[in-house]
Colleague: 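Take this structure first; my questions come after.
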Amino acid sequence: MNEPEEPEESPGKPVSRGAEAALTRVEWLGLAAMRKDRDPKAYRPKPLDDRLRRERTRNEARLLREARSLGVRTPVVYDIDLPHHRLVLEELPGPTLKALLEAEAAGLGELAGPVGAFGEALGRLHAGGMSHGDLTSSNVLYPSGAEGAPAFVDLSMGARPASLEERGIDLHLVEEDLASLHPKGHALFLRFLEGYSTGNPEGSAEVRKRAKEIKGRIRYA
Ligand SMILES: Nc1ncnc2c1ncn2[C@@H]1O[C@H](COP(=O)(O)OP(=O)(O)O)[C@@H](O)[C@H]1O
Ligand SMILES: [Mg+2]
């Protein structure tokens with residue numbers, strides 16, 4: 001699984017270096033791919049750090065696959081290399097939700113469709129018992145363009161089965177993120193919720209209620 005098929009050590013610089021990982025564009029058996037290397041954390045004892053990084057890598061690979069089986073687009077996992085805390089993923093083209101929100105002239109008209117589709121996809125994930133765990137607009141991509149179905153990346157903090165609290169936190173983060181990135185964030189969140197109820201018709205009410213409680217708790221903490 002590891003050595004022989006390892007992608008060429010890319011001379012490329014990481015295209016993204018988040019809090020947790022470095023993403024590098026590589027070729028995988030001729031396909032455009034992203035290598036995700038989970039960084040070590042020096043403040044954790046090494047054995048604990050190794051274990052956490054392995055668990056998150058394994059968790060992410062599992063959830064990426066399971067999300068697809070729920071009908072939610074995610075990158076295909078080409079390889080898992082646990083000793084190196086590394087995944088090789090299909091590279092998804094297309095803008096992030098963040099890029100759409102920040103685009104100049106992006107008003108409610110242009111954004112309602114993509115945001116509603118995002119809500120529906122998250123609803124489907126939740127209805128299937130999964131939470132995302134780090135739902136910022138950089139982790140939502142539109143591989144078929146803004147009018148197509150969205151895809152989720154970065155599921156390493158997700159859970160399945162997810163608790164009501166975990167699903168509520170997902171919804172709360174979306175509200176915060178939309179509000180911080182767009183002047184019409186609240187209207188967009190309402191559009192998002194419409195999509196969400198379509199994707200999660202049974203569970204929508206209780207998750208929305210929990211998200212409101214979380215918001216209140218944070219506000220009055
Ligand atoms: N498979 C992919 N295809 C295209 N872009 C990706 C892919 N995976 C991640 N990205 C981009 O790189 C960013 C960082 O990757 P992510 O998995 O979120 O790492 P981190 O855990 O460091 O946040 C994402 O927010 C996304 O915009
Ligand atoms: Mg991320």
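We count ligands from 1, going down the list as the structure has it; atoms in each ligand are counted the same way.
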Colleague: Just to be sure I'm reading this right: ignoring hydrogens, which of Val77, Asp154, Val15 gets closest to atom 23 (O) of ligand 1? Compare them by their nearest heavy atoms.
Modeller: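 Nearest option to atom 23 (O) of ligand 1, by heavy atoms: Asp154.
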Colleague: Geometry only, no angles: is Glu91 polar-contacting ligand 1 at N/O separations under 3.5 Å?
Modeller: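 Glu91 vs ligand 1: no N/O contact under 3.5 Å.
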Colleague: N/O/S of Asp154 less than 2.8 Å from the Mg ion (ligand 2)?
Modeller: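 Here the distance criterion (N, O or S atom, under 2.8 Å) is met by Asp154, so yes.
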Colleague: Using a 3.5 Å cut-off on N or O atoms only, is Lys36 in polar contact with ligand 1?
Modeller: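 For ligand 1, there is an N or O atom that lies under 3.5 Å from one belonging to Lys36.
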Colleague: Note the single closest protein heavy atom to atom 24 (C) of ligand 1, along with its residue, its atom name and the distance in Å.
Modeller: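 Its nearest protein heavy-atom neighbour is Ser138 O, 3.6 Å.
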Colleague: What part of Met34, side chain from CB on, backbone N/CA/C/O, both or neither, has a heavy atom under 4.0 Å from ligand 1?
Modeller: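 Near ligand 1, Met34 shows its side chain, while the N, CA, C and O stay back.
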Colleague: Specify the closest pair of heavy atoms between Glu91 and Arg25, including all atoms of both residues, with the distance to one decimal.
Modeller: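 Heavy-atom minimum between the residues: OE2-NE, 2.9 Å.
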Colleague: For the hydrophobic clusters of this structure (ILVMFWY residues joined by side-chain heavy atoms under 4.5 Å, transitively), does one cluster hold both Phe189 and Leu125?
Modeller: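 Yes, because Phe189 and Leu125 connect within a single hydrophobic cluster, where side-chain heavy atoms sit under 4.5 Å apart.
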Colleague: At a 4.0 Å threshold, what atoms of ligand 1 neighbour a non-hydrogen atom of Pro75?
Modeller: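 Counting atoms of ligand 1 from 1, those under 4.0 Å from Pro75 are 1 (N).
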Colleague: Among Ala21, Ser16, Ser137, which one puts a heavy atom closest to atom 13 (C) of ligand 1?
Modeller: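 Minimum heavy-atom distance to atom 13 (C) of ligand 1 goes to Ser16.
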Colleague: Is the shortest distance from a heavy atom of Asp134 to ligand 1 less than 4.0 Å?
Modeller: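 Judged by the 4.0 Å heavy-atom criterion, Asp134 does not count as contacting ligand 1.
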Colleague: Under 2.8 Å from the Mg ion (ligand 2) - does any N, O or S atom of Asn139 fall there?
Modeller: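 A backbone or side-chain N, O or S atom of Asn139 is under 2.8 Å from the Mg ion (ligand 2).
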Colleague: Are Lys41 and Asp49 within salt-bridge range, i.e. N to O under 4.0 Å?
Modeller: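 Asp49 and Lys41: not salt-bridged.
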Colleague: Does Lys209 come within less than 4.0 Å of Glu206, counting only side-chain N to carboxylate O?
Modeller: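 Salt bridge: no.
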Colleague: If the cut-off is 4.0 Å to any non-hydrogen atom of Asn139, which atoms of ligand 1 fall inside it?
Modeller: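 In order of numbering, the contacting atoms are 18 (O), 24 (C), 25 (O).
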Colleague: For ligand 1, is any non-hydrogen atom under 4.0 Å from Leu141's backbone (N, CA, C, O), its side chain (CB onward), both, or neither?
Modeller: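 Side chain only.
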Colleague: Checking the side chain of Thr74 only, and the main-chain atoms of Val153 only, is there a donor and an acceptor separated by less than 3.5 Å?
Modeller: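 The answer is no, because no donor-acceptor pair under 3.5 Å joins these two groups.
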Colleague: Regarding Glu60 and Arg38, does a basic nitrogen lie under 4.0 Å from an acidic carboxylate oxygen?
Modeller: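 Salt bridge flag = yes for Arg38 with Glu60.
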Colleague: Polar-atom distance check: Leu92 versus ligand 1, any N or O pair below 3.5 Å?
Modeller: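 Yes, at least one N or O pair falls under 3.5 Å.
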Colleague: Hey, are Arg210 and Glu213 close enough for a salt bridge, meaning a charged N less than 4.0 Å from a carboxylate O?
Modeller: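 The answer is yes: the pair qualifies as a salt bridge.
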Colleague: Is there a side-chain contact between Phe118 and Tyr196 in this structure, where contact means two heavy atoms from C-beta onward sitting under 4.5 Å apart?
Modeller: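 No. Closest side-chain heavy atoms not under 4.5 Å.
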Colleague: Among protein heavy atoms, which sits nearest to atom 15 (O) of ligand 1, and what does the distance come to when rounded to 0.1 Å?
Modeller: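 For atom 15 (O) of ligand 1, the nearest protein heavy atom is Leu23 CD2, 3.3 Å.
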Colleague: State whether the side chain of Asn59 and the backbone N or O of Met157 hold a donor-acceptor pair below 3.5 Å, judged by distance alone.
Modeller: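 Answer holds: no.
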Colleague: For a side-chain hydrogen bond (donor to acceptor under 3.5 Å, both in side chains) check, start with the C-alpha distance between Asn139 and His132, then their side-chain angles and the critical distance, and finish with the verdict.
Modeller: CA-CA 10 Å; Asn139 289 335; His132 183 287; 4.8 Å; no
Colleague: Identify, by atom number and element, the atoms of ligand 1 in contact range of Glu20, meaning under 4.0 Å from any of its heavy atoms.
Modeller: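 It comes down to these atoms of ligand 1: 21 (O), 22 (O).
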Colleague: Does atom 11 (C) of ligand 1 have a protein heavy-atom neighbour under 4.0 Å away?
Modeller: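 Answer no: nothing from the protein, no heavy atom, is under 4.0 Å.
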Colleague: Could you check whether Arg53 pairs with Asp39 (Lys NZ or Arg NE/NH1/NH2 to Asp/Glu carboxylate O, under 4.0 Å)?
Modeller: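 So Arg53 does not pair with Asp39 through a salt bridge.
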Colleague: Quick one: look up the protein heavy atom nearest atom 7 (C) of ligand 1 and list residue, atom name and how far away it is.
Modeller: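 Among all protein heavy atoms, the one nearest atom 7 (C) of ligand 1 is Val153 CG1, 4.0 Å.
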Colleague: Which atoms form the tightest heavy-atom contact between Ala106 and Leu100, and what is the distance?
Modeller: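 Shortest heavy-atom contact: CB-O, 3.3 Å.
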Colleague: What protein heavy atom lies closest to atom 1 (N) of ligand 1? Include the residue and the distance to one decimal.
Modeller: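 In this structure, atom 1 (N) of ligand 1 has Glu90 O, 2.8 Å as its nearest protein heavy atom.
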Colleague: Hey, is ligand 1 close enough to Thr96 that some N/O pair sits below 3.5 Å?
Modeller: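 No, there is no polar N/O contact under 3.5 Å.
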